Amino acid sequence: MNRVILLGAPGTGKGTQSALLKDRLKIPHISTGEILRSAIKNETPLGKKAKAFMDNGELVPDQVVIELIKERLAEKDCKSGFLLDGFPRTIEQANALGILLESLGQSLSKVVNLNVPEEAILGRIRARGEESGRSDDDPQVAKHRLEVYRNITAPLIDYYRNLGILSEVSGIGTVEEVSDRVLKELHKGDQ
Ligand code: AMP
């Protein structure tokens with residue numbers, strides 16, 4: 001069973017890797033960022049709550065994303081596992097996820113941290129912003145998102161290391177190379 005979290009700073013390739021891994025592992029890819037962007041586009045109540053935070057590169061409040069994830073993980077397709085991308089981003093979210101999974105009689109299989117040096121990250125985000133037109137890829141906002149990552153999200157690396165389920169993977173190389181490394185980590189321990 002694969003219940004996996006992909007951790008990493010913005011611009012480390014979590015989204016790209018997830019798109020490949022969901023096909024290779026046959027599990028749903030759940031990106032809170034994508035769900036929120038689509039809610040904003042459709043002007044739903046969730047989108048209205050999230051928009052200002054996202055535009056400014058801030059985190060959307062914990063209760064909002066925790067509620068969203070609770071609903072998403074309750075869907076049928078998550079019975080075979082899931083790949084979380086962009087959630088959790090705070091210790092509070094990680095605690096809430098732990099409690100939720102426990103109540104479902106489930107546990108995480110692995111947390112993969114994609115490592116990319118910070119110098120490389122800003123360049124990647126700049127390139128993506130030019131392609132995707134994502135407003136939070138604007139260089140100033142991207143810089144702020146990196147700070148938020150460093151201060152609030154990076155402590156999750158130790159959080160999951162302490163739980164004994166963390167794998168560190170280099171995010172440098174071609175998409176396929178990185179994907180192979182991640183899969184190797186996920187299959188470790190499989191018999
Ligand atoms: P992402 O696509 O994962 O880079 O997320 C884009 C933006 O969505 C972030 O900068 C946050 O504003 C918001 N967001 C996505 N996931 C979360 C989360 N788990 N907690 C809080 N905010 C989030």
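Treat the numbers as computed from the prediction; the structure is a model and nothing was measured. Remember, it's 1-based here, ligands and their atoms both numbered in the order they're listed. Note that the numbering runs from 1 along the sequence shown for the chain.
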Taking distance alone, with no angle check, do [X] and ligand 1 share an N/O pair under 3.5 Å?
X: Gly86; result: yes
X: Val60; result: yes
X: Gln93; result: yes
X: Asp85; result: no

Heavy-atom contacts under 4.0 Å between [X] and ligand 1: side chain, backbone, both, or neither?
X: Val148; answer: neither
X: Arg37; answer: side chain
X: Leu59; answer: both

- Query: If only atom types and distance count, is the side chain of Arg181 paired as donor or acceptor with the main-chain N or O of Ser170 below 3.5 Å?
  - Reply: yes
- Message: Any side-chain to backbone donor/acceptor pair from Thr153 onto Arg150? Under 3.5 Å, distance only.
- Response: no
- Item | CD-CD1 distance between Gln93 and Ile152, expressed to the nearest 0.5 angstrom | 10.0 Å
- For the atom pair NZ (Lys70) and CG (Leu68), what is the distance rounded to the nearest 0.5 Å? 12.0 Å
For [atom], what is the closest protein heavy atom, and at what distance to 0.1 Å?
atom: atom 14 (N) of ligand 1; answer: Leu36 CD1, 3.6 Å
atom: atom 8 (O) of ligand 1; answer: Met54 CE, 3.2 Å
atom: atom 1 (P) of ligand 1; answer: Arg89 NH2, 3.5 Å
atom: atom 10 (O) of ligand 1; answer: Arg145 NE, 3.8 Å

We want to know whether [X] and [Y] form a side-chain donor-acceptor pair, criterion being a heavy-atom distance below 3.5 angstrom.
X: Glu34; Y: His29; answer: no
X: Ser179; Y: Arg24; answer: yes
X: Asn2; Y: Ser109; answer: no

- Query: Any idea which atoms of ligand 1 are less than 4.0 Å away from a heavy-atom of Glu58?
  - Reply: 11 (C), 12 (O)
- Task: Provide the number and element of each atom of ligand 1 under 4.0 Å from a heavy atom of Thr32.
- Result: 15 (C), 16 (N), 17 (C), 19 (N)
- Message: Please determine whether a side-chain nitrogen of the Lys or Arg among Asp180 and Lys184 lies less than 4.0 Å from a carboxylate oxygen of the Asp or Glu.
- Response: no
- Message: Measuring only between side-chain heavy atoms, which start at C-beta, is Phe82 closer than 4.5 Å to Gln106?
- Response: yes
